[in-house]
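Here is the structure we will look at, set down as structure tokens.
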Amino acid sequence: MKRRGFMLVLSLMLLSLLLVAGLAFLERRVSQQDGARRAVLTARARALAEAGIEDALQKLYKDPNFPPPWEERDLAQDPLNQHLFSYQENLLDSDNVTVLGRYEVKIDHRTMRDPDYLMRISALGIVGSPDGPEASVRIQVVVDMATGNRSNDVPPNPAVGTIVEWHDESAL
Amino acid sequence: MPFTSKNKAFGLPEVLVGLFILLCGLGVVVQLFHSGLRYSARTQRTARGAMVARKHLERARGWLHQTANWDAMGGYPSLGAWVQDGDCPEYEVRVELLPFTGLNPCSTFESSQPGAQRSLTASYKRLKVSVRQDGKAVCDLASLVGEPRRTIDLATALQITAAGPTTLTQNGTLNLSVQLKATDGVVIQDQFFNWRVAQKTGNGTVVALTRDGRTALFTHKLLLSNGRTRFVNGQVFVKAMTRYFGQPLESQIELTLGP
């Protein structure tokens, strides 16, 4: 009975098993680390999206001409989506040079008419370069803009200017 | 059993080579597991750090949404300093509140108006939260917080001030300014206004002097479309309008236009 080389084969088999287990363990940890990194980027993007919402709300609250007026017309004749006012801003650090992130805001006028009087604001917080963002989060809010009370249409509406809906979604 | 060449144990070289390979392999495997555990610790640190940063961001945001706190900026605990997190003492947290100027409606539009930009200088705070562990940065979040709503009296909040007598002769001018005041007397900053003339018996012209509409110039003169001027003596109302948290507000001042 030939047993030469058996120990070598046994060692290699055991080693292969351990190696596979080790690699699987490492791969799992790397993927968890990637998830944690993504969690940080998503948290950053969410904070930027919230900045976009705050930006738009203050303008909406304090400027009667914001968003810039839109002439009401048939939406079917509005192929360029002129009922949407959108803009984007960089959030700079205190040195006013370092870009901490970016947000894009869209304001939808379509429901600013009888009987809704609701303003829809959407803000996309973006981390990373504009061409290849590392993470982005979109937040959508609906603001009650009716001046009359919603039950009897008599002013004032105690809820005017309040956020009545808040949706938060991760895009990447 | 007798020891024969057909039934012998492992040879010494075979055992040595086998052990050598096994030890080398074990070293690699141990290294792999060690790296995995290190990753695991880093993952946990990063994920918890993000949660700690988020918690402090929300805490500071909630704090700023109280008008008294907004006005007394220095009152936030340990503002600008590294402090240990209460729930996760292994992390240090720094909260910074910095001024921020926003351009209205956006920087793209306003970049064409250097020196006369419509800006909001007191309506936002730039909020930065940094988290570190053992001196190493773990997570940094940056956002904006808007000024909280103030209580206003709808009837008296909007106040127009005339810089001179409210009786004007023909071609006479009067500088007007307007501001919005909360019930506690605080002037609400960064408010934008529109102006118009409401004819009673007389008529004139009002134009905003600044793009934010906070000051205006009334002239006892009407410019007609054919380029000629006309004077309409009598009483006239000059109205200022704004919107505060969705609530339209209007105020007026009565002027007397004489010959």
Side-chain angles (χ1 to χ4, degrees), chain A residues 1 3-8 10-12 14-15 18-19 21-23 25-26 28-30 32-33 35-37 39-40 43-44 46-48 50-51 54-55 57-68 85 87-89 91 93-94 100-101 105 143-147 156-157 160-162, chain B residues 6-8 10-11 14-15 17-19 21-22 25-26 28-29 32-33 35-37 39-40 42-44 46-47 49-50 53-54 57 98 102 104-109 120 123-124 126 128 139-147 149 154 190-194 241-248:
Chain A
M1 186 175 165
R3 282 191 173 176
R4 282 187 186 278
F6 178 72
M7 185 70 172
L8 198 63
L10 196 69
S11 304
L12 285 173
L14 193 61
L15 203 62
L18 284 171
L19 208 63
L23 281 172
F25 179 73
L26 189 66
R28 195 172 159 79
R29 294 296 164 261
V30 168
Q32 279 181 348
Q33 168 70 13
R37 187 179 151 273
V40 170
R44 273 192 203 155
R46 181 167 289 111
L48 289 167
E50 286 168 353
E54 292 275 10
D55 181 339
L57 282 177
Q58 285 297 313
K59 292 168 185 172
L60 188 67
Y61 289 157
K62 294 186 166 186
D63 183 3
N65 304 316
F66 184 87
F85 174 67
Y87 63 94
Q88 53 181 288
E89 302 284 358
L91 184 60
D93 207 345
S94 49
L100 298 169
V105 176
V143 184
D144 186 352
M145 296 296 283
T147 51
N157 172 13
V160 66
T162 57
Chain B
K6 284 187 178 179
N7 191 21
K8 66 179 180 182
F10 303 118
E14 193 186 1
V15 170
V17 170
L19 273 177
I21 293 174
L22 198 61
L26 276 176
V28 172
V29 169
L32 276 178
F33 277 91
S35 301
L37 288 173
Y39 266 118
S40 190
R42 197 188 301 169
T43 300
Q44 201 180 18
T46 310
R54 186 77 203 158
L57 187 84
L98 305 159
N104 183 13
C106 60
S107 55
T108 309
F109 280 23
L120 295 100
S123 297
Y124 308 104
R126 186 170 16 205
K128 271 181 74 182
C139 182
D140 296 301
L141 301 180
S143 192
L144 292 178
V145 185
E147 186 183 8
R149 186 180 205 149
L154 295 178
D190 298 335
Q191 206 60 42
F192 293 82
F193 302 91
N194 293 327
M241 291 144 289
T242 190
R243 180 169 66 196
Y244 186 64
F245 277 75
Q247 184 66 53

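In the text below, chain A, chain B and the rest are named by the order of the sequence lines, each starting its count at 1.
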What distance separates [X] [atom1] from [Y] [atom2], expressed to the nearest 0.5 Å?
X: A:Asp63; Y: B:Thr242; atom1: CG; atom2: OG1; value: 7.5 Å
X: B:Thr43; Y: A:Gln32; atom1: OG1; atom2: CD; value: 6.0 Å
X: B:Leu120; Y: A:Lys62; atom1: CG; atom2: NZ; value: 6.5 Å
X: B:Leu26; Y: A:Leu18; atom1: CG; atom2: CG; value: 6.0 Å

Chain A contact via B:Arg54 - side chain, backbone, both or neither, heavy atoms under 4.5 Å: side chain
Engaged part of B:Leu37 at the chain A interface, taking heavy atoms whose separation is under 4.5 Å: both
In terms of heavy-atom proximity below 4.5 Å to chain B, should [X] be classed as side chain, backbone, both, or neither?
X: A:Leu100; answer: side chain
X: A:Leu57; answer: neither
X: A:Asp144; answer: neither
X: A:Leu23; answer: both

What is the minimum heavy-atom distance between [X] and [Y], and which atoms define it?
X: A:Leu60; Y: B:Arg243; answer: O-NE, 3.0 Å
X: A:Ala51; Y: B:Ser143; answer: N-OG, 3.4 Å
X: B:Phe192; Y: A:Pro64; answer: O-CD, 3.2 Å
X: B:Cys106; Y: A:Phe85; answer: SG-CZ, 4.4 Å
X: A:Glu89; Y: B:Ser107; answer: OE1-OG, 2.5 Å
X: B:Ala142; Y: A:Ala47; answer: O-CB, 3.4 Å

Partner residues of A:Asp55 under the side chain to side chain donor-acceptor pair (under 3.5 Å) criterion, sequence neighbours left out: A:Lys59, A:Tyr87, A:Tyr103, B:Tyr124
Sequence-distant partners of A:Arg37, side chain to side chain donor-acceptor pair (under 3.5 Å), two or more places apart: A:Glu134
For the interface with chain A, which of [options] has the highest count of heavy-atom pairs at distances below 4.5 Å?
options: B:Lys128, B:Met241, B:Arg126; value: B:Arg126
options: B:Cys139, B:Ala50, B:Gly246; value: B:Gly246
options: B:Ala53, B:Ala47, B:Gly146, B:Gly49; value: B:Gly146
options: B:Leu154, B:Leu19, B:Asp140; value: B:Asp140

Verdict with reasoning, B:Leu57 to A:Glu50, per side-chain contact (heavy atoms from CB on, under 4.5 Å): CA-CA 11 Å; B:Leu57 187 84; A:Glu50 286 168 353; 4.0 Å; yes
Side-chain donor or acceptor of A:Glu54 paired with backbone N/O of B:Val145 under 3.5 Å: no
Side-chain heavy atoms of A:Thr162 within contact of B:Arg149, under 4.5 Å: yes
Residues A:Arg46, B:Leu141; criterion side-chain contact (heavy atoms from CB on, under 4.5 Å); working and verdict: CA-CA 9 Å; A:Arg46 181 167 289 111; B:Leu141 301 180; over 6 Å; no
Aromatic ring pairing B:Phe245/A:Tyr61, orientation class (parallel under 30°, perpendicular over 60°, tilted between): parallel
